[in-house]
Amino acid sequence: MILQDTPSFVHKYLIVSRLFITLFLCIILVSCNTDDFNDLSNATLVQEGAFAFPIGKLDFTLADILENDTTLTIDNDNAIRLVYREDDLFRLEAADILDDLTGELNEVFVENSKIGNVEIDDASQESDVLFSSILDDFNDQALANYISQNNGSLAAIPAFEENILSEEDLPAFNDYTSLGIENGAMFLSITNNFFFDIEGFSIEIIDIGNNQTVGTFSFAYLAMGATETSQIDLSGKDISNEFKVLMSSIKTPGTGASQVIVDLDSKLHIVFEVKNISINQGVVNLPAGILAEDKLIFDFTTDNGERIKSIVLDDAAVTYEIMSEVATDILVKLTFPDITRNNVPVEQELLVTPTSTTSPVTGSFDFSNTVWRLDNDDDQPYNRIRANYEVLLPNGSNGQLAFSSEDEVSIMFSLSQLEVSEVTGFFGFRQEQLDESTYDLGFDFSLFSNGSSPILFSEPEMRIEISNSFGIPLQGEFNATAFGFFGDEANLDPPKVIINYPAMTEMGQIRETDFVLNKVNSNLVELLSVFPSYIVYSGSTTINPNNEPDEVNFITSNSALSASVEFDLPFKFQAQHLIYRDTGQSVDLELDEGGFTIEDIDSAELKIVYDNGLPLKSNIRIITLDVAGNETLVVDNIEFSAASVDADGKVPANGSIKEETFIQLTTEQIEALDDAHQYIYEIIFQTEDNEQVPVAMYSDYRVEVGIGIKMTLSKN
């Protein structure tokens, strides 16, 4: 029978076939290319009122489906795996740690130095005492006349002792006006140029400016022409620069029978000296040189027990303030033996004019391009810088000035904004928290139903690759929580990560750490089973987890730590109740149009012949959806058997399943399909052997499906 001869029947045939074509396309998930459907000329009249004809065929491998999917790869053995990599999971730059480590070294150092006692130059004055002035004070007038009458002549001088109370002013000292003496002595040297020997002789020194007796110099015996020296201790005395000598008596054994030339102009030559003087106050002409010196120690404070041993400093903000109470220009000199530039200790010299505490001298030090050794002090070989501190008078005081040992020179300098290119030391034992971050896996599970049971991948791996050039022992602790597409959550619970790091001898090199998470050392299977849309991860890094202060860490300006992550997900899994669910447009069967009604269809039967090479058992359901959103199950339990698998979950060469199935459609089912607003297609997948043996997916797995229809129409 030629179909074209029965145009009304052909019209009905076209409407019904449209229904089954739509059903078939949705049932077998034909996201791949299919052959063109045959036209109606291929229909075969089986019997009167009944027609059988092929609708189409499907023939594909998994490789055909995956050829445009860039997230999936195919191994040499045709195994399919999903490999997803993120190269910028985490990155830590040197500046991040250097800021934590040296950013806290914002130090303010203050040194208040009192000038203290100052040594002044020795000072001396000379004076002569004429015998004639002493003779005027003799009590024995006859003796005085005898000596006067023989002036210039030879005469024997008898023994005598006279209380004379003779005073002589000494010349004033020019180098000072007053002195508060901490230590020192006054010396008196007398040369006896009289014409007789002297014995039991003493001179009292009177401080005219202070109207006090400084001391008495005593000489047991002074022969003619001899010089004798005596001294008194001036420690603790305040003296002026004007003195007089008081001689209370003069005694001689005489010349006996010997005659000497009597000379009334003969003299006692007196040399008056202050020597080895250290003063604590006064008005004095200070000599050029060092006023004060000290060895200073500056300790750096750290927050986490860091023991910094060395810093290579590109630059820093170092400002100073200096206040001086010294009433003349001074030079403040700081020498830092532990800070070098080109292997030469750094010196800072500052000329300071007399100031008060309200008007300090300010400026900045230059510490650019220097190396700081904070470990050169044996008492504390870390966090310590030493300095030699001197206050100098570069040219002396150029005149007398008021001076006190309590005069202060105060220096304050602050260190901040360190630009560091290298640090070594022990960087403390502490834990740094990593900020919580979200990692979008990029997986789309919208094709599955909320009622799906978990997919249990049997051999997943998550590989974390860490590149590290920080010379610091690090231990990472992190966790990840997967948030599933359907609201479920799962924690990864990975083990701790010991991160490899370069040794001191490997400074500038990179050490790699490869850390693999799998089903043995983590909950990776559970993490992936919840259909994860995104992962929230956080963690911490423990610095120097062994807390060994003698260990030397290092950071350079080029140090960095970066981490990448790679998911390697072989398609080998278990599935108990994996539900694919999709919605499609309904088909207008044009019933009740052109005289064609549901009653015109006596029966309809769909025949499916398949050769299934996939190791998944399938159960297909067709559900209608009305305008109000109500669902009605129309077709249920369309089953496709799974291909058999071996112990490794792989379909062997002869493991595909060849079967045929028939689907009877009642008029009620056809009418429900015609009335539907939309169709819902639901396929339930599960692995075989009671879901105990994971199945693997290979690109050469083949599926062949052929579909035909037999339809009987009423003769009316």
Side-chain angles (χ1 to χ4, degrees), residues 85-105 302-312 374-375 382-383 418 420-437 439 461-481 491-518 521-522 524 535-566:
R85 183 175 181 86
E86 177 61 55
D87 287 325
D88 295 321
L89 178 68
F90 175 76
R91 184 169 182 83
L92 185 68
E93 301 287 353
D96 300 324
I97 293 186
L98 285 174
D99 184 63
D100 289 341
L101 189 62
T102 61
E104 64 191 29
L105 299 181
T302 57
D303 292 339
N304 298 289
E306 295 91 343
R307 296 184 175 186
I308 309 302
K309 290 186 173 292
S310 69
I311 300 175
V312 178
L374 285 73
D375 61 346
Y382 54 86
N383 297 350
L418 274 67
V420 176
S421 61
E422 182 183 311
V423 182
T424 65
F426 175 68
F427 296 160
F429 169 69
R430 68 182 186 275
Q431 194 175 70
E432 297 287 345
Q433 297 296 323
L434 303 179
D435 293 336
E436 185 176 273
S437 299
Y439 177 48
E461 284 189 350
M462 178 180 176
R463 182 177 296 107
I464 300 175
E465 299 173 359
I466 301 173
S467 297
N468 178 31
S469 54
F470 290 107
I472 310 173
L474 300 172
Q475 176 178 280
E477 297 182 48
F478 71 99
N479 196 15
T481 300
N491 290 320
L492 181 61
D493 291 331
K496 298 176 181 179
V497 185
I498 302 299
I499 301 174
N500 295 325
Y501 64 96
M504 281 291 294
T505 56
E506 300 172 316
M507 186 179 292
Q509 299 183 29
I510 297 174
R511 294 291 301 275
E512 304 286 346
T513 302
D514 289 335
F515 182 64
V516 177
L517 296 176
N518 52 41
N521 61 6
S522 70
L524 184 57
I535 290 176
V536 174
Y537 64 92
S538 61
S540 63
T541 300
T542 302
I543 296 176
N544 290 304
N546 295 327
N547 196 15
E548 297 177 357
D550 292 332
E551 178 145 15
V552 179
N553 313 148
F554 70 83
I555 300 176
T556 70
S557 58
N558 296 320
S559 295
L561 184 148
S562 62
S564 60
V565 64
E566 181 178 278

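Asn479 places a side-chain N or O within 3.5 Å of a backbone atom of Asp493 that can act as its donor or acceptor partner.
Shown here for Ser522 and Pro494, the closest heavy-atom pair between the two residues is CB-CA, 4.2 Å.
Scored by the side chain to side chain contact (heavy atoms under 4.5 Å, CB included) test, Tyr382 finds Arg307, Gln380 as partners (sequence neighbours excluded). The side chain to side chain donor-acceptor pair (under 3.5 Å) test applied to Asn544 returns Asn553, not counting sequence neighbours. Considering only residues two or more places apart in sequence or on other chains, Ala94 meets the side chain to side chain contact (heavy atoms under 4.5 Å, CB included) condition with Leu98, Phe470, Ile555, Ser559. By the side chain to side chain donor-acceptor pair (under 3.5 Å) test, Asn558 pairs with no residue at all, sequence neighbours left out. Under the side chain to side chain contact (heavy atoms under 4.5 Å, CB included) criterion, Glu566 pairs with Val83, Arg85, Arg463, sequence neighbours left out. Applying the side chain to side chain donor-acceptor pair (under 3.5 Å) rule to Ser310 yields the partners Thr424; only residues at least two apart in sequence or on another chain are considered. For Ser540, the side chain to side chain contact (heavy atoms under 4.5 Å, CB included) partners two or more places apart in sequence, or in a different chain, are Gln431, Gln433, Glu477. Among residues two or more places apart in sequence or in another chain, the side chain to side chain donor-acceptor pair (under 3.5 Å) test is passed with Ser562 by none.
For residues 502-518, the salt bridge (Lys or Arg N to Asp or Glu O under 4.0 Å) pairs, not counting sequence neighbours, are Glu506-Arg511. For residues 535-557, no residue pair satisfies the salt bridge (Lys or Arg N to Asp or Glu O under 4.0 Å) rule, not counting sequence neighbours.
With 3.5 Å as the limit, one finds a donor-acceptor pair spanning the side chains of Asn491 and Thr481.
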